[in-house]
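Written below as structure tokens is the structure these notes are about.
Quantities reported herein were computed from a predicted structural model and do not represent experimental measurements. Lettering of chains follows the sequences in order, A, B, ..., and the numbering in each one begins at 1.
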Amino acid sequence: MRYVCQICGYVYDDEKEQVPFEQLPDSWKCPLCGASKSDFKPEHKERETAEVTVNTEAADMKKLSAGQLAAVCTNLARGCEKQYKPAEAELFNELAAYFTRITPAINDADAETLSRQLQEDIDSYPDVRAVADRNQDRGAARVCVWGEKVTRMLSSLVERYLKEGEQMLADTDIWVCTVCGFVYIGSNPPEACPVCKVPAYKFEKVEGRA
Amino acid sequence: MERKAVRNLRLCTKDCLCLYVCPHGATDTEDSIIDVDKCTGCGECAAACPSGAISMVPVQYPPQQPKTEEVKACLNELAQSKSDGEVMAREIAKATDKPGLKRLMKAVERSERLIAEDIMREAGFMLPQGDGSHELLEELISNPPTSDFPSGKAGELLEKL
């Protein structure tokens with residue numbers, strides 16, 4: 001049997017390994033991206049996606065929320081940075097800061113509610129992918145591939161934290177890929193991002209380690 | 001198509017051939033960013049650069065790939081959920097005094113924003129100069145979400161882009 005990491009695509013092939021996958025300890029991690037054993041699934045056949053219906057009202061630019069607009073503006077700021085337009089990037093960042101400020105708070109958030117939210121996102125990716133595919137929109141399909149992998153990693157890390165608590169992060173650093181958002185736990189970032197393949201220098205360390 | 005030279009500082013190995021070949025001194029700047037006002041787009045610097053750090057980019061970008069209403073709708077909804085996750089992570093990070101949880105939540109906050117950015121890029125906001133961005137800025141100026149919306153900044157962007 002072959003098992004595939006749902007985050008980076010690493011394949012664990014029972015026939016080529018010393019230990020069958022099922023017998024690996026629960027603490028075993030993906031050698032490529034550090035994902036948990038539970039993030040591996042048996043290599044699967046085509047999954048069926050039921051016909052997805054979409055309410056296109058949400059496409060209306062006038063209905064975008066402050067949270068969505070904050071992301072639009074930081075994205076456009078990054079677009080300006082890539083074109084070496086620092087003044088324009090700064091203006092978009094200022095608009096983004098405004099939208100972040102007016103984004104409504106979510107009361108009583110805790111790691112459990114966040115974990116449920118991430119799981120809902122994971123569940124909704126296949127539908128979005130189906131819509132991207134039927135519109136032959138490869139950009140939108142690519143967003144689903146990266147986003148689903150990164151979301152699975154976030155979900156798996158929050159789950160791990162809920163089980164292991166502070167000791168999970170006591171002696172190690174947390175790294176974020178500044179291109180796709182992949183989060184990696186370790187003393188050094190991976191040589192290449194397991195999701196979007198950019199080199200290690202594109203990772204940023206989360207500061208504040210005790 | 002009119003082009004301008006831009007330099008990727010990460011790739012630049014300071015061989016300085018761009019300085020030798022530029023007929024207008026556009027590459028000779030104290031911050032290493034090529035002067036767009038002096039650059040005429042001749043491409044000599046990009047051709048001479050041994051480290052491939054200089055690219056010629058168009059002044060006017062082509063129209064973007066069209067997005068269907070249903071793709072935009074799905075992506076917008078997903079981005080909303082990512083924004084909610086970002087807000088939750090930010091609040092958990094703020095409220096906790098556990099150093100590990102604080103760092104993990106900061107990472108989730110950043111990651112959720114990056115995912116939402118990527119989603120919105122494909123939902124019609126790829127290019128700062130694109131129609132989507134222009135229409136959005138115009139809409140925000142005519143119907144500001146709150147009275148303290150920085151319309152001046154939005155107007156400045158419309159002029160520059």
Side-chain angles (χ1 to χ4, degrees), chain A residues 54-56 58-59 61-62 64-68 71-72 74-76 78-80 83-84 88 91-92 94-95 98 102-103 105-106 109-111 113-114 117-118 120-121 124 128 131-132 135 137 139-140 143 146-147 150-151 154 157 161 166 168-170 174 176 180-181 183 206 208-210, chain B residues 6 33 57 65 67-89 91-92 98-104 106-108 110-122 125-128 133 135-136 139 145-146 149-150 153-154 156-157 160-161:
Chain A
V54 182
N55 179 0
T56 53
M61 181 186 70
K62 294 180 185 169
L64 291 178
S65 71
Q68 290 165 325
V72 168
T74 39
N75 166 50
L76 293 173
R78 295 210 292 155
C80 291
Q83 295 177 32
Y84 288 83
E88 289 87 338
L91 286 165
F92 272 121
E94 287 177 44
L95 294 186
Y98 161 80
I102 66 163
T103 300
I106 294 171
D110 58 20
T113 47
L114 177 63
Q117 170 89 13
L118 292 167
E120 278 171 29
D121 290 351
S124 63
V128 181
V131 172
N135 285 274
D137 189 327
V143 157
W146 286 13
V150 175
T151 307
L154 296 181
L157 292 174
Y161 181 85
E166 284 293 300
M168 167 187 166
L169 301 160
I174 306 178
V176 182
C180 71
V183 174
V206 179
R209 187 172 156 193
Chain B
V6 293
I33 294 171
V57 297
Q65 301 295 309
K67 292 286 168 179
T68 64
E69 291 296 292
E70 65 169 13
V71 165
K72 279 199 266 184
C74 282
L75 292 179
N76 287 352
E77 282 180 5
L78 198 52
Q80 182 59 53
S81 184
K82 291 295 165 195
S83 167
D84 291 345
E86 176 194 329
V87 172
M88 286 183 205
E91 287 174 11
I92 299 168
K98 295 180 181 146
L101 183 62
K102 201 183 262 296
R103 281 188 296 139
L104 182 61
K106 280 188 193 165
V108 173
R110 181 85 201 277
S111 173
E112 291 276 64
R113 171 65 69 94
L114 285 162
I115 300 172
E117 284 178 7
D118 198 16
I119 293 169
M120 295 313 291
R121 180 176 324 151
E122 289 298 338
F125 299 99
M126 173 95 67
L127 254 193
S133 318
E135 285 161 24
L136 176 66
E139 165 64 20
T146 62
F149 174 72
K153 311 267 182 205
E156 228 180 295
L157 276 169
K160 282 176 180 281
L161 294 170

Carefully, step by step, assess A:Thr56 and B:Lys72 under the rule side-chain hydrogen bond (donor to acceptor under 3.5 Å, both in side chains). CA-CA 8 Å; A:Thr56 53; B:Lys72 279 199 266 184; over 6 Å; no
Can you tell which part of B:Glu91 gets under 4.5 Å to a heavy atom of chain A, answering side chain, backbone, both or neither? side chain
Would you call A:Glu166 and B:Lys98 a salt bridge, using N to O less than 4.0 angstrom? no
Counting only non-hydrogen atoms closer than 4.5 Å, does B:Leu78 touch chain A with its backbone (N, CA, C, O), its side chain (CB onward), both, or neither? side chain
Among A:Leu64, A:Leu76, A:Val176, which residue forms the greatest number of heavy-atom pairs with chain B at distances under 4.5 Å? A:Leu76
In chain order, what residues pass the side-chain hydrogen bond (donor to acceptor under 3.5 Å, both in side chains) check against B:Lys67, with sequence neighbours excluded? A:Asp137, B:Glu122
Turns out that what part of B:Glu135 lies under 4.5 Å from chain A's heavy atoms comes down to both
Most contacts with chain B, counted as non-hydrogen pairs under 4.5 angstrom, among A:Trp146, A:Tyr84, A:Tyr98: A:Tyr98
Strictly distance-based, threshold 3.5 Å: is any side-chain N or O of B:Arg113 a donor or acceptor partner for the main-chain N or O of A:Gly181? no
Going through the checks in order, is the side-chain hydrogen bond (donor to acceptor under 3.5 Å, both in side chains) test met by B:Ser81 and A:Glu120? CA-CA 9 Å; B:Ser81 184; A:Glu120 278 171 29; 5.7 Å; no
So, the part of B:Leu127 with a heavy atom under 4.5 Å from chain A: the answer is both
Applying a strict 4.5 Å limit to non-hydrogen atoms, the region of B:Ile33 in contact with chain A is side chain
With a 4.5 angstrom heavy-atom cut-off, is it the side chain or the backbone of B:Glu139 that approaches chain A, or both, or neither? side chain
Taking atom types as modelled, find out whether B:Ser83 and A:Gln68 have a side-chain donor-acceptor pair closer than 3.5 angstrom. no
What pairs with B:Asp118 under side-chain hydrogen bond (donor to acceptor under 3.5 Å, both in side chains), at least two apart in sequence or on another chain? A:Arg142, B:Arg121
